[in-house]
Undergrad: 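What follows is a structure written as structure tokens; I'll ask about it next.
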Amino acid sequence: MMEKRVGSILLTMMIMSMLDGTSNANQINDITCGEAQLLILPCVPYLQGSGSAKPSGSCCSSAKTVFKRATSTQNRRALCQCFKDAAPIIGVNPSRSKLLPKLCNIRLSFPLNPSINCNS
């Protein structure tokens, strides 16, 4: 049953990313919404609270890749909005999302919070 739920979430995220106008990155190295959503899939069980209390190695590796590839302010804001829009669909536990950077040794100047203002 969990596989069906993750599969439907993945399909919904892929459709959203195809319809999302922000998925066209302006800079060649910037990551698109769709690419970021696919990369972050190993983190879904952790973010939902259905997995381990710590994110997996593949989750942390993927999260680091997303943060490294979001090189411009415009791209970081677009990804912020992308994940903010996906959070309620996925069922993200805000407490877990806030802990993800610390547990994966990612230094951010802002909290990973589904209620964040992406324009600030």
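What you see below is based on every heavy atom in this structure, not just the backbone, and it leaves out hydrogens, waters and symmetry mates.
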Undergrad: Working to the nearest 0.5 Å, report the span between CD of Gln81 and CG of Asn119.
TA: 7.5 Å
Undergrad: Do the non-hydrogen side-chain atoms of Arg107 and Pro101 ever get within less than 4.5 Å of each other?
TA: no
Undergrad: Answer yes or no: is there a donor N or O on one side and an acceptor on the other, between the side chain of Gln48 and the main chain of Ile90, under 3.5 Å?
TA: yes
Undergrad: Might you point out which heavy atoms bring Ala63 and Ile106 nearest each other, and give the distance in Å?
TA: CB-CD1, 3.7 Å
Undergrad: If you measure SG to SG, does Cys104 sit under 2.5 Å from Cys59?
TA: no
Undergrad: Step by step, work out the side chain to side chain contact (heavy atoms under 4.5 Å, CB included) result for Leu47 and Phe83.
TA: CA-CA 12 Å; Leu47 291 170; Phe83 287 124; over 6 Å; no
Undergrad: About how many Å separate CZ of Arg96 and CG of Leu112, when rounded to the nearest 0.5 Å?
TA: 14.5 Å
Undergrad: Roughly how far apart are Cys82 SG and Glu35 CD, rounded to 0.5 Å?
TA: 10.5 Å
Undergrad: Quick check for you: to the nearest 0.5 Å, what is the distance between Leu99 atom CG and Lys54 atom NZ?
TA: 11.5 Å
Undergrad: Under the criterion side-chain contact (heavy atoms from CB on, under 4.5 Å), which of Thr65, Leu79, Thr71 is the partner of Ile31?
TA: Leu79
Undergrad: Considering the options Pro55, Ser61, Ser58, Cys60, which one meets the side-chain contact (heavy atoms from CB on, under 4.5 Å) requirement together with Pro42?
TA: Ser58
Undergrad: How long is the span from the CZ atom in Arg69 to the CZ atom in Arg76, to the nearest 0.5 Å?
TA: 14.0 Å
Undergrad: Pro114 versus Pro88: any side-chain heavy-atom pair under 4.5 Å?
TA: no
Undergrad: Kindly give the heavy-atom pair with the smallest separation between Ser72 and Asp30, and that separation in Å.
TA: OG-OD2, 2.7 Å
Undergrad: Atom CD1 of Ile116 and atom NZ of Lys98: how far apart are they, to the nearest 0.5 Å?
TA: 10.5 Å
Undergrad: Which pair of non-hydrogen atoms, one from Ala53 and one from Tyr46, has the smallest distance, and what is that distance?
TA: O-CE1, 3.5 Å
